[in-house]
Amino acid sequence: MTVMEQRGAYRPSPPPAWQPRTDPAPLLPDAEPYRVLGTEAAAKADPELLGRLYEQLVLGRRYNTQATALTKQGRLAVYPSSTGQEACEVAAALALQDRDWLFPSYRDTLAAVARGVDPVHALTLLRGDWHTGYDPAEHRVAPLSTPLATQLPHAVGLAHAARLKGDDVVALAMVGDGGTSEGDFHEALNFAAVWQAPVVFLVQNNGFAISVPLAKQTAAPSLAHKAVGYGMPGRLVDGNDAAAVHEVLTDAVRHARAGGGPTLVEAVTYRIDAHTNADDATRYRGDAEVEAWRAHDPVLLLERELTGRGLLDEDGVAAVRQSAETMAARLRERMNQDPALDPMDLFAHVYAEPTAQLSEQRELLAAELAAEAEEGTAR
Ligand SMILES: Cc1ncc(C[n+]2csc(CCOP(=O)(O)OP(=O)(O)O)c2C)c(N)n1
């Protein structure tokens, strides 16, 4: 066949190896964040669950204010408050079974506490200590992760490994909107979808990565839309509606457990406090914006629903607040006790076989401490 004849036979067609993969339509998030409170869906919500969520929200709010106060008293080095985001924190913990794993970021102390970690132990890292403060295996809560998004590949690895071993375990990993720009976010979501790992990714879109607003973080229609590119469903939920977040996460956990693979959930919320006690949020956002979100407060939304339906009265509110005060007083009291620290601990649990330099430094410190102790006794 001549070249001209070949050209004549040419018919436009797709490349031979191309086939449609998955239909993107079922993976797309809803047009608006899913809500339960104040809608018809609320009537179907379990009153006992709503009550439990409310108690945890009130405790969580008080925990946040107390921890922030402890930074001012020098008892805590830093506290990234989740005030305004308590619905996400509490719902994440409550959506999991005991055998599942939670992978929190530094902002998710509350999720760890709601899952059963001792409130003081959960603050160990933020107190400036060198270790996690709790045994991750005991409560199945990974260490609070400060390097952004690094907890996500860990969650995928754990979930995939559990599945290979035949263990019935789901991992729920939490990350902020800023964290979605990290390479680890991409790698974790890609692996999770390819392996169909039992993982749920919860992105708390609280509007800012320190001072960087979402508009400078991404050009995506929403963070939930990112799921489609990896081949997993994306869900968009009102992150201040505890009942909605709980329902969406519970569905995603169930889906993962049944072998349906990962889900990306974007919870639309707002960080009411500054990034941490070391940040001045007035430098990059106005009061009007904060006030608008205060009117959509997670505690308020649930309280209105419960009181409106006669499931909570003034005495009930007072009782929950009282138990939050008791928790805060106990937290203050325990955090005001100086922990007994052994400087030699600096060298423990680092390497199975310490390096020559570390051994030398260890000896030096031991000698210094011994000399100091001797001086103290001599004085
Ligand atoms: C890998 C890495 N890069 C940069 C930082 C510094 N850093 C700490 S918090 C933060 C903003 C994160 O924002 P976001 O993910 O939205 O979470 P949020 O703090 O709002 O909960 C940055 C950039 C870090 N901790 N880790």
Side-chain angles (χ1 to χ4, degrees), residues 33 60-61 63-64 67-68 71 76-93 102-114 122-123 125-126 128 130 132 141-156 172-189 200-220 222-227 236-240 245 249 264-285 289-290 293 298:
R61 173 65 50 88
Y63 186 86
N64 274 328
T68 299
T71 63
L76 201 51
V78 66
Y79 187 67
S81 164
S82 58
T83 290
Q85 301 178 222
E86 293 93 342
C88 296
E89 299 289 313
V90 164
L102 180 76
F103 284 79
S105 83
Y106 52 86
R107 196 171 300 287
D108 307 315
T109 321
L110 216 55
V113 172
L123 292 173
L125 190 76
L126 301 166
W130 55 267
T132 300
V141 177
L144 302 174
S145 175
T146 301
L148 300 179
T150 51
Q151 67 276 23
L152 307 183
H154 296 167
V156 177
L172 191 156
M174 303 172 80
V175 67
D177 42 284
T180 66
S181 298
E182 290 288 335
D184 276 354
F185 175 83
H186 161 75
E187 286 149 26
L189 269 76
V200 177
F201 300 99
L202 171 61
V203 179
Q204 289 186 69
N205 170 9
N206 66 7
F208 292 90
I210 315 184
S211 58
V212 177
L214 190 69
K216 288 194 179 166
Q217 193 69 246
T218 182
S222 78
L223 296 172
H225 276 86
K226 293 195 177 219
L236 191 58
V237 63
D238 180 339
N240 287 16
V245 185
L249 291 179
L264 174 67
V265 177
E266 175 187 356
V268 183
T269 181
Y270 195 78
R271 163 165 63 69
I272 293 290
D273 287 342
H275 174 69
T276 66
N277 47 300
D279 170 46
D280 175 5
T282 61
R283 301 273 298 269
Y284 53 85
R285 66 185 194 187
E289 183 180 300
V290 182
W293 277 95

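Here, residue 1 is the first one in the sequence, and each next residue gets the next number. In what follows, every heavy atom counts, from backbone to side chain, and hydrogens, waters and symmetry copies are set aside. These numbers were taken from a predicted model, which means no experiment stands behind them. Just follow the structure's listing: the first ligand is 1, and inside any ligand the first atom is 1.
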| task | Would you mind checking which non-hydrogen protein atom is closest to atom 17 (O) of ligand 1, with the distance to 0.1 Å? | result | Y106 OH, 3.2 Å
| task | Distance to 0.1 Å, residue and atom name: give those for the protein heavy atom nearest to atom 25 (N) of ligand 1. | result | T146 O, 3.0 Å
| What's the shortest distance from atom 23 (C) of ligand 1 to any protein heavy atom, and which residue and atom give it? | L148 CD1, 3.7 Å
| message | Side chain, backbone, both or neither: which applies to N206 and ligand 1 if a contact is any heavy-atom pair less than 4.0 Å apart? | response | side chain
| Which residue supplies the protein heavy atom nearest to atom 15 (O) of ligand 1, what is that atom called, and how far is it? | G179 N, 2.8 Å
| If you measure every N/O of P147 against every N/O of ligand 1, is any gap under 3.5 Å? | no
| request: Would you tell me whether Q204 and D108 have side-chain atoms, one donor and one acceptor, within less than 3.5 Å of each other? | output: yes
| said: Using a 3.5 Å cut-off on N or O atoms only, is R271 in polar contact with ligand 1? | reply: no
| said: Quick test: of every protein heavy atom, which one is nearest to atom 14 (P) of ligand 1, and how far off is it to 0.1 Å? | reply: G178 N, 3.4 Å
| query | What's the shortest distance from atom 11 (C) of ligand 1 to any protein heavy atom, and which residue and atom give it? | reply | I210 CG1, 3.5 Å
| note | protein heavy-atom neighbour closest to atom 21 (O) of ligand 1 works out as R107 NE, 2.6 Å
| field | Worked verdict on Y270 versus Q85 for side chain to side chain donor-acceptor pair (under 3.5 Å) | value | CA-CA 6 Å; Y270 195 78; Q85 301 178 222; over 6 Å; no
| field | atom 6 (C) of ligand 1 within contact range, any protein heavy atom under 4.0 Å | value | no
| Polar contact flag, side-chain donor to acceptor under 3.5 angstrom, T150-S145 | yes
| message | Please tell me whether S82 and N64 have a donor and an acceptor in their side chains that are separated by less than 3.5 angstrom. | response | yes
